[in-house]
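Since the structure comes first, as C-alpha cells, the remarks are kept for the end.
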Amino acid sequence: MSLFTIAVHGGAGTIRKEDMSPDMELAYKQGLQEALDAGYAVLSAKGAALDAVMAAVVSLEDNILFNAGRGSVFGKDGKHEMDAAIMDGTNLAAGAVAAVTSVRNPVKLARAIMTESPHVMLSGAGALEFAKLRGLQLEDEQYFYSAFRYEQWQQIQGTDQTALDHDVKLADASVSKAVGEKKFGTVGAVATDQFGNIAAATSTGGMTNKQWGRIGDSPIIGAGTYANNRTCAISCTGHGEPFIRAVTAYDVSCLMEYKGLTLEQAMQVVVHDKLMKIDGEGGMIGVDANGHAAMVFNSEGMYRGVRNSNGLNNVLIYQGS
Ligand code: ASP
C-alpha cells in the first residue's frame with residue numbers, strides 16, 4: 001500500500017489574520033477539515049483518487065462559505081454562473097462544465113460529462129440540459145443567494161471591475177475594503193490513492209461582477225485543473241485570466257516531465273516566477289503518485305489543508321499558519 005493523500009483549497013487572495021474574526025477562522029477551518037475528511041474516508045476505504053476529490057469538492061460546494069456551488073458569487077447580471085472540472089490521472093480522462101446555472105454540484109456534472117458523454121466540456125444552456133437529462137440535482141436562485149455575497153456584488157455592480165472573491169486589489173479603496181472584508185474562494189482537491197493513482201477537481205462561481213459568459217481557468221484542462229499519473233495532479237485558484245495564459249497546471253506537469261523537477265520545485269517556479277511575471281495572483285495545490293503534496297501561493301493567504309496516511313493533518317490559511 002502506498003502513501004495516500006488528499007489536499008484541498010478554498011481559494012487564495014488577500015486573506016489577513018487581522019481582518020478575520022476567531023469565529024470566521026474556525027468556520028473556514030472546519031469547512032476545510034470536513035472536505036479533507038470526506039476525501040480521506042474514500043481513500044482509506046481503498047477508494048479511487050477520482051472519487052476522493054469529488055467527495056471533497058462536493059463538501060466544499062455545499063458549504064456557503066466558499067465560492068463554488070451554493071456560495072457562488074454574483075456575476076454582472078446578478079446571476080450565478082459556475083465552472084468546474086475533474087480529471088483522472090490514470091488515463092487522462094477529463095470532464096468540465098462552464099458558465100452553468102442552477103446545478104447544485106457542478107463537479108458532479110463535470111464528472112457526468114467525462115463518463116457519460118463523448119465530450120470534455122459543455123457550457124451554458126447545453127450543460128444545464130445535459131444535467132437535467134442525467135437527473136442531477138438542480139436548485140432555484142434562492143439556494144445560491146447569500147446576503148454577504150450580494151453586498152459584495154453591490155459594491156462594484158455597474159462598474160467594469162471584477163474581483164476575486166477575497167481580493168482587495170481594486171481601484172477604489174473603499175470598494176477594496178468592502179470587497180476585501182469578504183474572504184471566500186474557489187475550491188479544489190487533489191488526491192493520491194492507495195494504488196498510486198491521482199486525480200484533481202476544481203469548482204468555482206468565478207469572479208464577482210464577471211461578464212455574462214466569462215469563463216475562468218478552473219474548468220480549462222491544463223490551466224486550472226490537470227492530472228497525470230506520470231507527473232502530478234493540480235488544482236489552481238486565483239485570478240483566472242493569467243492562469244489561462246500561463247497554462248498553469250500543465251506547466252507544472254511539463255516541468256516535472258521534461259525537466260525532472262520535483263512537484264514542489266515545479267510549483268514554486270510556476271507560482272513565484274512564471275505567474276508573477278504576468279501579474280497572476282493566487283496559488284495551487286498538488287500531489288504526485290507517491291503521495292507527496294505541496295501547497296504554494298503568491299498571495300497573502302490561501303485556504304488549504306492536507307491529510308495523509310502517515311498521520312499528517314494540517315489546515316492552514318495564512319503564510320505558514
Ligand atoms: N480562478 C477563479 C476564476 O478566475 C477564481 C478563484 O480562484 O477564486 O474564475
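Each ligand, and each atom within it, is numbered from 1 in the order the structure gives.
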Ligand 1 atoms in contact with [X] (distance to a heavy atom under 4.0 Å):
X: T237; value: 6 (C), 7 (O), 8 (O)
X: T186; value: 2 (C), 5 (C), 6 (C), 7 (O), 8 (O)
X: G206; value: 9 (O)
X: D217; value: 1 (N), 2 (C), 3 (C), 4 (O)

Side chains of Q30 and E34: donor-acceptor distance under 3.5 Å anywhere? no

State, without any angle test, whether S235 and T202 hold a side-chain donor-acceptor pair at a distance under 3.5 Å. yes

May I ask whether R214 has any heavy atom positioned less than 4.0 angstrom from an atom of ligand 1? yes

At a 4.0 Å cut-off, with the gap strictly under it, does some heavy atom of G11 reach an atom of ligand 1?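 No heavy atom of G11 comes that close to ligand 1.
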
Please compare G238, G216, G240 and report which has the shortest non-hydrogen distance to atom 5 (C) of ligand 1.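 Shortest heavy-atom distance from atom 5 (C) of ligand 1: G238.
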
Please determine if D51 and R111 form a salt bridge, counting it only when a charged side-chain N lies under 4.0 Å from a carboxylate O. yes

Sub-3.5 Å N/O-N/O distance, D83 and ligand 1: no

Is T204 in polar range of ligand 1, meaning some N or O pair under 3.5 Å apart?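 N/O-N/O distance below 3.5 Å does not exist for this pair.
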
Students often mix this up, so state it plainly: with edges at 30° and 60°, are the rings of F66 and Y303 parallel, tilted or perpendicular?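 Taking Y303 first and then F66, their aromatic rings stand perpendicular (interplane angle over 60°).
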
Would you call the rings of Y40 and F4 parallel, tilted or perpendicular if under 30° counts as parallel and over 60° as perpendicular? tilted

Would you sort out whether I113 and M121 count as a side-chain contact (heavy atoms from CB on, under 4.5 Å), showing the intermediate values? CA-CA 7 Å; I113 291 166; M121 183 186 269; over 6 Å; no

Going through the distances and angles, do R104 and E61 end up as a side-chain contact (heavy atoms from CB on, under 4.5 Å)? CA-CA 8 Å; R104 183 187 175 105; E61 285 179 338; over 6 Å; no

